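Working notes for the structure below.
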2 protein chains.
Amino acid sequence: MHSLVASASPVTNMHGLYLVADRGLSATGPVQHFAQNESIFSEGEAAEVFLKVTSGMVRSYRLLDNGRRQLDAFHAKGDVFGLEFGTEYNLSAEAVCDCTVVAYRLPKLEAQATIHDFLWQQLLSYMASALVQAKEHKKLLASRSAIEKIAGFLIEQSRLHQNGGVVQLLMSRTDIADYLGLTVETVSRTFAALKLLQLIEFSTARDIEIINADGLHQLCR
Amino acid sequence: MHSLVASASPVTNMHGLYLVADRGLSATGPVQHFAQNESIFSEGEAAEVFLKVTSGMVRSYRLLDNGRRQLDAFHAKGDVFGLEFGTEYNLSAEAVCDCTVVAYRLPKLEAQATIHDFLWQQLLSYMASALVQAKEHKKLLASRSAIEKIAGFLIEQSRLHQNGGVVQLLMSRTDIADYLGLTVETVSRTFAALKLLQLIEFSTARDIEIINADGLHQLCR
DNA sequence: CGCCGAGTTGACCATGTTCAAGGTGGGTGG
DNA sequence: CCACCCACCTTGAACATGGTCAACTCGGCG
């Protein structure tokens with residue numbers, strides 16, 4: 001389903017909607033580079049552009065009054081982020097690792113009449129991708145145990161960053177914790193538990209080898 | 001923000017997008033009625049139409065292999081649901097209480113060229129609403145304690161179903177539990193705790209009077 | 001070498017789940 | 001009209017899980 005939405009060639013479905021890839025949008029400038037942990041935009045800033053990841057990974061998050069941080073999403077290559085429906089960004093975005101992004105600007109209000117069908121389709125496609133991602137994330141957040149969340153998270157990541165059976169995690173344990181609503185300690189312990197169960201293997205903390213994919217799937221149901 | 005998206009008159013924002021209410025869609029038939037707990041559609045069925053609530057409330061949910069149920073959303077009057085980007089519904093939908101809905105069908109593939117701008121805007125608006133709702137839901141699911149979740153849930157509900165300071169909950173404790181990733185027992189105990197803290201009051205389980213709204217807001221941060 | 005951030009591990013404690021039992025209220029049938 | 005039922009809600013006690021606090025390891029880097 002996700003691949004459908006992100007597909008480069010037009011595809012259709014029962015509702016008759018085409019979902020297409022980049023057409024009708026022009027970048028506002030060259031590709032921008034951001035160093036690890038560098039801020040891309042912050043909550044409350046004027047949302048003048050939206051962005052697409054061309055390499056690396058971006059996290060968008062919200063800081064709560066109580067000092068906790070909630071990660072809303074990880075954005076990998078090809079993902080669009082910062083597309084807002086208010087005048088300001090309602091999340092902050094930072095580079096998870098060194099990364100590059102392109103910025104886009106929508107046609108101005110007065111030019112709205114000239115927005116073409118394929119641009120609407122384009123926007124709709126971005127929204128649909130975001131919605132699918134949000135639903136996946138909700139599935140993880142609603143799990144009742146840490147082991148289900150981490151198993152689900154690893155499966156999610158393995159779909160994106162699989163290099164010959166090894167999943168390259170670009171984010172820190174803290175990032176994972178804030179994404180799943182857990183603490184760093186629990187994340188760490190749960191990775192250890194999965195290793196004990198012989199479902200995964202790892203020498204370095206961020207290169208996870210999936211030994212038993214079926215077992216992982218069983219956990220996250 | 002939510003009100004912006006659902007607004008009946010066109011509004012604009014920094015990105016220059018109009019978000020509009022119903023235009024360009026025709027219902028496939030008369031308003032349909034569903035009795036409490038009646039199924040509207042099920043996961044896996046062909047997604048031939050999408051629907052809008054005209055009265056009452058609908059829940060969409062997913063059943064997991066382990067027997068648990070995850071509520072994806074409550075849909076109140078005006079909310080659109082069942083708008084899929086695959087050929088089948090990926091959730092099931094049921095009436096929370098007696099309710100009425102209208103069904104819509106998108107123009108067929110061959111007629112796609114005739115989809116007008118305002119229809120694209122319309123669809124985009126639905127997607128945006130769904131995305132905003134999903135983000136709110138994620139905020140609740142990521143909370144670390146039951147009391148934060150319930151407080152946030154009550155605030156969410158009070159924005160929809162406030163009748164003179166009293167929030168009318170249309171759904172059961174079980175529904176709330178499955179929506180927040182808790183057990184019925186915890187939901188019940190947490191309502192009792194909020195009552196003890198003098199933040200809410202209730203004689204019947206589903207008519208919740210909010211005594212101290214500020215206190216509730218403080219809890220969910 | 002020493003520092004520092006990231007990750008891990010342990011012990012203790014708070015919170016939520018589980019299992020079990022009891023209330024409560026609306027609806028039905030005698 | 002009352003008695004009964006059943007679904008829904010509440011409450012209690014024991015237990016499991018994850019959070020908290022603290023110490024320790026590891027690897028990179030000046």
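In this text the structure is predicted, and so the values were computed from the model without any measurement.
Of the candidates C:dT8, C:dG16, C:dG7, C:dG16 carries the atom nearest the B:T186 side chain, counting heavy atoms from C-beta on. When the nucleotides C:dG16, D:dC9, C:dG7 are ranked by their closest atom to the side chain of A:A205, C:dG7 comes out on top. The listed nucleotides are D:dC9, C:dT8, D:dG19; the one nearest the side chain of A:T183 is D:dG19. Here D:dT10 is the nucleotide among D:dT10, D:dC8, C:dT8 with the atom lying nearest to any side-chain atom of B:V184. Among the nucleotides C:dG16, D:dT11, C:dA11, the one closest to the side chain of B:R189 is D:dT11.
Atom CD1 of A:I208 and atom P of C:dG7 are 10 Å apart (whole Å). Taking atom CG of residue A:L180 and atom C1' of nucleotide D:dG19, one finds them 15 Å apart after rounding to whole Å. Atom CD1 of B:I176 is separated from atom C1' of D:dC8 by 12 Å (rounded to the nearest Å). In this structure, A:L196 atom CG and C:dT8 atom P are separated by 13 Å, rounded to whole Å. Note: CG (A:D207) to P (C:dG7) measures 12 Å, nearest angstrom. We find that CZ of A:R206 is positioned 13 Å from C1' of D:dG28, with the value rounded to whole Å. Atom NZ of B:K195 and atom C1' of D:dT10 are 11 Å apart (whole Å). The separation between A:R68 atom CZ and D:dG18 atom C1' is 13 Å, rounded to whole Å.
A:T204 comes within contact range of no nucleotide atom at all, as no heavy-atom separation falls under 4.0 Å. Contact annotation for B:S188: base contact, defined as any heavy-atom pair under 4.0 Å involving a base atom.
In this structure the side chain of A:L154 never reaches within 4.5 angstrom of the side chain of A:L199, judged on heavy atoms. At least one side-chain heavy atom of A:E136 sits less than 4.5 Å from a side-chain heavy atom of A:E156. The shortest distance between side-chain heavy atoms of B:L197 and B:N212 does not fall below 4.5 Å.
Remark: A:K195 qualifies as a cation-pi partner of A:F202 under the 6.0 Å distance and 45° angle criteria applied to the six-membered ring.
The base of D:dT17 does not come close enough to the side chain of B:R144 for any donor and acceptor atom to sit less than 3.5 Å apart.
Residues A:E185 and A:I147 each lie close to DNA chain D; by heavy-atom proximity, the contact nearer the 5' end of the strand is made by A:I147. Residues B:L182 and A:R173 both approach DNA chain C. Their nearest nucleotides, taken by heavy-atom distance, put A:R173 toward the 5′ side.
Checking B:Q122 against B:Y104 by side-chain atom types alone, no donor-acceptor pair falls below 3.5 Å.
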